[in-house]
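Heavy atoms only: backbone and side chains are in, while hydrogens, waters and symmetry mates are out. Letters A, B, ... are given to chains in the order of the sequence lines, protein chains preceding strands, and every chain is numbered from 1.
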There are 2 protein chains.
Amino acid sequence: METSADNFFFGLLPFTVYFRIMPATIKDIAQSLGISPSTVSRALNDHPQIKDETKKAVREMARKLHYSVNQAASGLRTNKTFSLGVVVPQISNYFFSSVLGGMQKVASENDYQLLICQTNEKEDEELRYVQSLVSGRVDGLLMSISQETQNFDRLAEILSDTPVVLFDRTSEKIPTIHVEAEDYRGAYLATRHLISRGPGKIAHLGGPRKLTVSQNRLRGYKDALEENNISFDPGLLAHCEFDIKKVPEAVDKILAAHPEVKGIFAVNDEIAIEAILALKKKNIRIPEDIAVVGFGDYPIARIVEPNLTTISHYPAKIGERATHHLLKLINHREEAAVMKEVIPCELINRDSA
Amino acid sequence: METSADNFFFGLLPFTVYFRIMPATIKDIAQSLGISPSTVSRALNDHPQIKDETKKAVREMARKLHYSVNQAASGLRTNKTFSLGVVVPQISNYFFSSVLGGMQKVASENDYQLLICQTNEKEDEELRYVQSLVSGRVDGLLMSISQETQNFDRLAEILSDTPVVLFDRTSEKIPTIHVEAEDYRGAYLATRHLISRGPGKIAHLGGPRKLTVSQNRLRGYKDALEENNISFDPGLLAHCEFDIKKVPEAVDKILAAHPEVKGIFAVNDEIAIEAILALKKKNIRIPEDIAVVGFGDYPIARIVEPNLTTISHYPAKIGERATHHLLKLINHREEAAVMKEVIPCELINRDSA
DNA sequence: CTGAAAGCGCTTACAG
DNA sequence: CTGAAAGCGCTTACAG
């Protein structure tokens, strides 16, 4: 076994002194070939007026010299960076990391790269990142607004000069393309599913009130109740702010006001699963005594017992569509519009409801 | 309720025609203030020889004109991009997304941004991204090698000119700073924990053979056995390639060869949990009949029943340390060394073993 | 089909 | 303490 000194450094092997070899430029290629930099540039960009022979020679030499275009220089000249900025509240989160996966796919298919920033739900960090990305670093921005953000004026102002697509956490104060999950309809389906199991009260564990996501899911819940002639009872609603630590208390609150509750719809799977854990601790049977439906179809949904019935909202798809729209915005600026695309949700029927 | 037409577009609100307002430049500030661009640049960069008065005026005007530095231009001139490239096999994965979170934190504290690419475990995509990042886009690279990668020559060649730190998926063929979890010791601890529960055979569900991560965890397992005078039995080893679909078969294979097995150590939590699910289907009690230990302390570990005993390896910390090393490499190139930092692991004792 | 020249927005040695 | 000038590596109208 290795020693405990392993805990830190080991193996300080022979020093390597880095010296950054100056990368080859267009000028180097031109010189080695005895032609002009202009021609090299054109050949590299497959300009139609350059002889195939010349192109071939240039490409070969470029390979030989390990040439790769200097993006800063090219970007400075053309005002294109082939980078997209992404601003999310948190990277390490099932939903957002899946969205990022979808974005990366579409971006990469179109030879774009992603500059990803994490706001930690802080308004000032958000503003800082947006500012920095917009300053010549990216051709456009994909953004999901932080929870804390109150003042959209500055943001809207900065973004008015830049193609931007909002996803998931959107705001009407920033008029552009919005891509969202079908939050309203998903919540409606979830609640209807709970109602369909038989008569009884249905509670809702809601998310942060400020977020449109929470609001839309709450609306879906309320409308499903209404459609079934069940009047909305505020005592059946508790907000957990996406904070799983608040769940046991929220469940207690609901149970105290309405011990006879028979279904809970939670704003996301993490909250739903925490609720299941809390209910099980009280020896409440799921779904016999209380049924639970989540939102998101996180990997944990198929691990918890009973397996969580939930709404899948296809985060990778959200990322793909948002990126698709942004690239269209960048490439045909004149067609830019204020609009919303809603990605369909689906009820995944498992054992918790 | 909204109509099903919502599934796609809706709300094609008033068209907005974007026209990118040319952002203010240093020249604009200079003109409005009647001073030279040189002075503006110096003032903005807080050059010591500029009068405080001038600095103040310049900063005020910069704010008024919504000036922000053009990174492409500044980068072209100074050969600094203040961006770090990150190349990972997959973004939407608990381990990597947590590592990214840690990287983002340290990068942002040092005014660096992250350009993140996902290789999908493909050697050619990996090469393509590295190539592109290195071409003047980033000051350094953080990288976790894809499973498929066989040929390190080209990679090593490209990277020899660029500061690079490898994390988690490393290779000695790329001699630089490596940051890894304490895979060997974690596996050792996990296996020792299983052995300590009493006499009996301990199996291992291993990862992709090519990965050093898998190799180190396998070594830890073997050494723990050896230290307890248990000889290694290949019939107790099955490889699942990080593919949860292969787990039931692997469990069957082990159980067929050794029905009396009493502990399983899995290469990661996903595999461990899939094994628990498979065992439960066979009405095998956990941990009474067979105990299970995972690796990684994923969120699912505290949800599965029984709660998974596992090894925590602190992915965010791995990301933080890797970034820290890269920034040091970038800022004091001469101190660059070939070395390895190992982030300590810890046994998280829950109910599955 | 190719070249010479200008210029993208910045930084920085050089000069004063 | 400030300015004029050169130049980073590229692209592209202009000229031939």
Side-chain angles (χ1 to χ4, degrees), chain A residues 20-59 61-62 65-83 111 132 134-139 161, chain B residues 20-59 61-62 65-83 111 132 134-139 161:
Chain A
R20 173 100 84 148
I21 298 156
M22 277 323 292
T25 71
I26 248 178
K27 220 170 128 194
D28 297 325
I29 299 178
Q31 243 152 24
S32 358
L33 251 34
I35 58 178
S36 80
S38 324
T39 305
V40 172
S41 173
R42 291 198 185 94
L44 254 15
N45 292 311
D46 207 16
H47 187 107
Q49 279 181 9
I50 299 291
K51 254 195 305 194
D52 280 356
E53 202 187 312
T54 315
K55 284 184 187 170
K56 218 185 119 204
V58 167
R59 283 183 195 137
M61 186 55 73
L65 300 180
H66 292 163
Y67 171 81
S68 62
V69 69
N70 180 321
Q71 299 287 349
S74 155
L76 178 58
R77 193 49 233 263
T78 59
N79 235 337
K80 286 278 292 175
T81 65
F82 287 97
S83 296
D111 290 318
S132 150
V134 161
S135 69
R137 282 178 178 279
V138 298
D139 296 340
D161 301 344
Chain B
R20 173 99 84 149
I21 297 156
M22 277 323 292
T25 69
I26 248 178
K27 222 171 127 192
D28 297 325
I29 299 176
Q31 243 152 25
S32 1
L33 251 35
I35 58 177
S36 79
S38 324
T39 305
V40 173
S41 172
R42 290 199 187 92
L44 256 14
N45 292 311
D46 207 17
H47 187 108
Q49 280 182 7
I50 300 290
K51 254 195 304 194
D52 279 355
E53 203 186 312
T54 315
K55 284 184 188 171
K56 218 185 120 206
V58 167
R59 281 182 199 141
M61 185 55 73
L65 300 180
H66 293 164
Y67 172 81
S68 63
V69 68
N70 181 321
Q71 299 288 350
S74 154
L76 179 59
R77 194 49 233 263
T78 59
N79 235 337
K80 284 279 292 175
T81 64
F82 287 97
S83 296
D111 291 318
S132 150
V134 161
S135 69
R137 282 178 178 279
V138 299
D139 296 341
D161 301 344

| Below 4.0 Å: OP1/OP2 of D:dT2 and any side-chain N or O of B:Thr54 | yes

| query | Rounded to the nearest Å, what distance is computed from the CD1 atom of residue A:Ile29 to the P atom of nucleotide D:dG9? | reply | 13 Å

| request: Let me know the distance between NZ of A:Lys27 and P of D:dC8, rounded to the nearest Å. | output: 6 Å

| field | Proximity to the side chain of B:Asn70 - top-ranked nucleotide from C:dG9, D:dT2, D:dC10 | value | C:dG9

| said: Can you tell me the base-pairing partner of C:dT2? Count Watson-Crick or G-U wobble geometry only, both distances below 3.5 Å, and say none if there is no partner. | reply: D:dA15

| said: Within the structure provided, determine whether A:Val58 and A:Ile35 are in side-chain contact (heavy-atom separation under 4.5 Å). | reply: yes

| Between residues 36-50 of chain A and DNA chain C, which residues have a heavy-atom gap below 4.0 Å? | A:Ser36, A:Ser38, A:Thr39, A:Arg42, A:Gln49, A:Ile50

| field | Pair A:Thr39, A:Ser36: side-chain N/O donor-acceptor within cut-off below 3.5 Å | value | yes

| task | Examine distances only and state if a side-chain atom of A:Asn45 and a backbone atom of A:His47 form a donor-acceptor pair shorter than 3.5 Å. | result | no

| said: Tell me the interatomic distance from A:Leu76, atom CG, to D:dC10, atom P, rounded to whole angstroms. | reply: 12 Å

| For A:Ile26 and D:dT12, what is the distance between atoms CD1 and C1' respectively, to the nearest whole Å? | 12 Å

| field | Rounded distance (Å) that lies between atom C1' of D:dC8 and atom CD of A:Gln71 | value | 15 Å

| said: Output the rounded distance in Å from CD1 (A:Ile35) to C1' (D:dC10). | reply: 15 Å

| Heavy-atom pair of closest approach, residues B:Ile26 and B:Pro37 | CG2-CB, 3.7 Å

| message | I'd like to check A:Leu65 versus A:Ser32 (side-chain heavy atoms, cut-off strictly below 4.5 Å). Are they in contact? | response | yes

| query | Under 4.0 Å between a side-chain N or O of A:Thr78 and OP1 or OP2 of D:dT12? | reply | no

| said: Using only atom types and a distance under 3.5 Å, with no angle test, would you say the side chain of A:Ser83 pairs donor to acceptor with the backbone of A:Val138? | reply: no

| task | Grab the CG-C1' distance between A:Asn79 and D:dT12 for me, whole Å please. | result | 14 Å

| Rounded to whole angstroms, how far apart are CZ on A:Phe82 and P on D:dC10? | 15 Å

| query | Distance between the C1' atoms of C:dG16 and C:dT12, in whole angstroms? | reply | 16 Å

| field | From CA spacing to verdict: side-chain contact (heavy atoms from CB on, under 4.5 Å), B:Leu76, B:Gln71 | value | CA-CA 8 Å; B:Leu76 179 59; B:Gln71 299 288 350; over 6 Å; no

